[in-house]
Amino acid sequence: MAGVAGIIAALGLVGAGRAEAQDAPVSDGFAGTWAGTLDVGGQILRLVFHVELDESGGLSGTMDSPDQGAFGLTLSAVEADSDGSVRFEFAMAGGAYTGRMLEDGTGIDGQWSQGGSSYPLALERTEDAPSAPERPQEPKPPYPYEAVDVEFDNPEAGNRLAGTLTVPTGEGPHPVVVLISGSGAQDRDEAVFGHRPFWILADHLTRRGIAVLRYDDRGVGGSTGDIAAATMTDFASDALAAVAYLVTRPETDEARIGLLGHSEGASIAAMAAHRSGDVAFVIHLAGMGVNGRELLEMQLIAINEALGVPEAVTRQRSELQKRLLDASAAAPDDASAAVQAREILAAAGVTGAAADAQVRALRTPWMNDFLVYDPLPALRELDVPVLALNGELDTQVPPAENLGPVERALREGGNPDFTVRELEGLNHLFQTADTGSPTEYVQIEETMAPAAMEVIADWIAERTELD
């Protein structure tokens, strides 16, 4: 899991800007900054809307989700009527806010709707909205390497993938690594909580003489395909399409192509490498060593502990999750699973939009695959060099329970060259952290610890005999 799923599903896919102004003139009473807080099943998220009035009287605007590190997301429509009603649309994530201004003009009472669910959201006019956090590691041009936008096909799935290939200066062909993101809809930078870790890592590796290909997940950014219907096996086929494409590039050495996967992407990297003779090495970052269901159970406990949740509450949440997963696994079809899940959630006091969201997530193709996926067989079959790293403070893929099985699988398979390390003080994103809680991700300025990137770069350089 590269990130924690939030109510805004398209973070990092929309840049700063303004929606096209509406033709119909409206009152300027809606212009300004409006802020409110969503409660999505106990997850608290702030939303901020910046609305501007243009010379023709039309409205346009942007949206921020500070707790997810997302700022300047373009609203696809801003519409207001003389009766005080207003609608802000964020088409990229299928979300919209509809409301009506209070009589005194200081607030708007309304609902945020997304994915078939609606959540109450009261907005207040403000002049003190949170600003985008500093991300000092983001590269600044000019870059001492070439960055090329590329596209390549996955014939197996019939989709086309878009990405960026960064190529070092100097005579090639160069060793190259493909970056594979974790769960959820990720762009080529693996943008999450205001961070772009794959961009920072690609920059670091390319400066060290290693070419890097990073690409948008299917159905994200410039890539085609239906991510909602995709499984881990599908994502492995996308990674193999990237490898096949690199074999054709004159700048990259077909004998020194590696796969680097983060979180779920680590298992995808191992799966893809097992299926291909063109992969020369694998880097397994924060990768799972247990099946998906076991990981979700240990993840819930670790995150709650990092947040300081009372032990009794953590037990209740863990038991609720167990009942839901058991019911889903035993149900003969999606409809039956949904009925049983709603009954379990209602008994626990979870209803409405919060229940809707949990029910929808239970029976997706990806979830069905993930819950039973065992990462160890593919790891046992790897006969290429493997680097496996986890952060000491990782609460999404706890190192004690996952690194051990990964190391045993590599040893049992007779892999002649593997390195397994737990990096002190780092979280799931390989940031220097205090507790490892996902709530810290957006608060930490650092995107990826330089020490972690150096470990990766040094290991690749040694395995590829890079001067």
Side-chain angles (χ1 to χ4, degrees), residues 137 139 143-148 163-181 188-190 196-215 239 242-243 245-247 249-262 265-266 269-270 272-273 276-287 379 382-391 403 406-407 410 415-424 426 429-432 446-467:
Q137 289 178 294
Y143 309 118
Y145 51 78
E146 184 180 10
V148 184
T164 300
L165 176 65
T166 50
V167 182
T169 57
E171 186 177 355
H174 305 278
V176 59
V177 62
V178 178
L179 306 188
I180 306 170
S181 66
R188 68 191 68 186
D189 296 327
E190 202 187 35
R196 295 194 273 184
F198 275 7
W199 183 24
I200 276 73
L201 180 58
D203 176 81
H204 184 90
L205 295 179
T206 309
R207 290 171 188 266
R208 286 286 306 270
I210 303 158
V212 179
L213 174 60
R214 63 193 199 273
Y215 58 92
V243 171
Y245 171 71
L246 289 172
V247 169
R249 296 286 303 203
E251 313 98 313
T252 56
D253 187 349
E254 65 180 48
R256 294 185 292 172
I257 301 173
L259 299 178
L260 181 154
H262 176 232
S276 171
D278 292 323
V279 177
F281 60 89
V282 169
I283 301 176
H284 196 266
L285 296 185
L379 287 167
L382 290 182
D383 58 3
V384 297
V386 177
L387 172 65
L389 302 176
N390 271 69
L403 268 185
V406 167
E407 183 171 10
L410 293 168
N415 189 298
D417 182 4
F418 64 87
T419 303
V420 178
R421 287 186 57 182
E422 181 180 309
L423 301 183
E424 182 178 358
L426 304 188
L429 300 185
F430 293 89
Q431 299 169 300
T432 304
E446 179 182 78
T447 295
M448 182 176 282
M453 292 191 286
E454 278 297 286
V455 169
I456 295 167
D458 288 345
W459 187 88
I460 296 175
E462 182 178 348
R463 295 316 181 279
T464 60
E465 299 181 351
L466 185 65
D467 294 335

Single hit among Thr206, Ile200, Thr166 for side-chain contact (heavy atoms from CB on, under 4.5 Å) with Pro139: Ile200

Go through the steps for Ile456 and Ile283 under the test side-chain contact (heavy atoms from CB on, under 4.5 Å), then give the verdict. CA-CA 8 Å; Ile456 295 167; Ile283 301 176; 3.8 Å; yes

Heavy-atom nearest pair, Phe281 first then Arg256, reads CE2-O, 4.1 Å

Under 3.5 Å, is there a donor-acceptor pair between the side chain of [X] and the main chain of [Y]?
X	Y	value
Glu251	Pro173	no
Gln431	Glu446	yes
Arg214	Leu179	no
Asn415	Val384	yes

Residue pairs, two or more places apart or on separate chains, that pass salt bridge (charged side-chain N to carboxylate O under 4.0 Å, His left out) and touch residues 167-177: none

Atom pair [atom1]/[atom2] of [X] and [Y] - distance to nearest 0.5 Å:
X	Y	atom1	atom2	result
Leu201	His204	CG	NE2	8.0 Å
Leu205	Asp203	CG	CG	9.0 Å
His284	Leu389	NE2	CG	10.5 Å

Would you indicate whether Arg421, at its atom CZ, is surrounded by more than 12 heavy atoms from other residues, nucleotides or ligands within a distance under 6.0 Å? no

Pairing residues for Tyr215 by the ring-ring contact (aromatic ring centres under 6.0 Å, His included) criterion, not counting sequence neighbours: Phe152

Side chains of Arg188 and Thr164: do they bring a donor and an acceptor to under 3.5 Å? yes

Distance-only donor-acceptor check, side chains His262 and Glu190, under 3.5 Å: yes

Quick one, Asp253 with His174, criterion side-chain contact (heavy atoms from CB on, under 4.5 Å). Give me CA distance, side-chain angles, the key distance, then yes/no. CA-CA 5 Å; Asp253 187 349; His174 305 278; over 6 Å; no

With sequence neighbours excluded, tell me which residues meet salt bridge (charged side-chain N to carboxylate O under 4.0 Å, His left out) with Glu454. Arg208

